[in-house]
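Working notes for the structure below.
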Amino acid sequence: VQLQASGGGSVQAGGSLRLSCAASRLTSALAIMGWFRQALGKEREFIAAINWSGGTRNYADSVKGRFTISRDNAKLTVNLQMNILKPEDTAVYYCAARRGTTTRESPNDYEYWGQGTLVTVSS
């Protein structure tokens with residue numbers, strides 16, 4: 001499975017960005033999609049995850065109420081709508097995929113990764 005993340009850029013605090021992740025294939029067996037981010041000098045951290053049906057969505061506390069994960073299985077895409085961005089949201093954002101039916105928050109639980117897209121939020 002190949003994942004291609006896009007949509008990063010520079011925005012002022014309070015602004016919005018929409019990230020997209022295009023997958024070469026997705027099946028119900030390789031169905032859990034997640035977004036992670038890694039700021040300079042920090043470890044990669046969980047942002048959001050979604051299951052195959054979209055009925056289960058998990059978010060990190062730091063983004064709850066501001067970010068929304070969604071997916072379109074027909075288009076093989078997973079999106080991350082980011083609103084009310086803050087300077088601390090500045091990081092490289094990665095999409096990832098894992099087998100199974102449950103969302104997970106550890107990067108170690110994801111088998112496939114996209115190349116990352118940079119989000120910069122200025123104050």
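This structure is a prediction, so every number in the text was calculated from the model and none was measured. Residue indices begin at 1 and follow the sequence shown.
- K86 has no carboxylate O lying under 4.0 Å from a charged side-chain N of D89, or vice versa, which leaves the two without a salt bridge.
- Here C95 contributes atom SG and Q4 contributes atom CD; the two are 8.0 Å apart, rounded to the nearest 0.5 Å.
- Within the model, atoms CD of Q81 and CG of L17 stand 8.5 Å from one another, a figure rounded to the nearest 0.5 Å.
- Just one residue in the list N79, T68, L80 forms a side-chain contact (heavy atoms from CB on, under 4.5 Å) with R18, and that residue is N79.
- In this structure, the side chain of Y110 does not engage the main chain of I32 through any donor-acceptor pair within 3.5 Å.
- Screening residues 38-60 for salt bridge (Lys or Arg N to Asp or Glu O under 4.0 Å) gives R37-E45 as the qualifying pairs, with residues at least two apart or on separate chains.
- In this structure, the side chain of R71 engages the main chain of A31 through a donor-acceptor pair within 3.5 Å.
- Scored by the side chain to side chain donor-acceptor pair (under 3.5 Å) test, S16 finds N83 as partners (sequence neighbours excluded).
- Within a 6.0 Å radius of CD in Q2, no more than 12 heavy atoms belonging to other residues, nucleotides or ligands are found.
- Scanning all heavy atoms of the two residues, the minimum distance from L76 to R25 falls at CD1-CA, 4.1 Å.
- Side-chain atoms of R98 come within 3.5 Å of backbone atoms of T102 as a donor-acceptor pair (strictly under, hydrogens ignored).
- Between L3 and C21, some side-chain heavy-atom pair lies under the 4.5 Å cut-off.
- Here the CG-CD1 distance, from L19 to I69, works out to 10.5 Å after rounding to the nearest 0.5 Å.
- Distance check: S53 OG to N73 CG gives 8.5 Å after rounding to the nearest 0.5 Å.
- N51 has its side chain out of reach of T101: every pair of non-hydrogen atoms, C-beta onward, lies at least 4.5 Å apart.
- Between G116 and V92, the shortest heavy-atom distance links the atoms CA-CG1, 3.8 Å.
- Taking CE of M33 as the reference point, atom OG1 of T103 lies at 13.0 Å (rounded to 0.5 Å).
- Counting only residues at least two apart or on different chains, no ring-ring contact (aromatic ring centres under 6.0 Å, His included) pair has a member in residues 53-98.
- Atom CZ of F36 is separated from atom OG of S106 by 7.0 Å, given to the nearest 0.5 angstrom.
- Within a 6.0 Å radius of CD in E88, more than 12 heavy atoms belonging to other residues, nucleotides or ligands are found.
- In this structure, Q38 contributes its side chain and A91 its backbone to no donor-acceptor pair below 3.5 Å.
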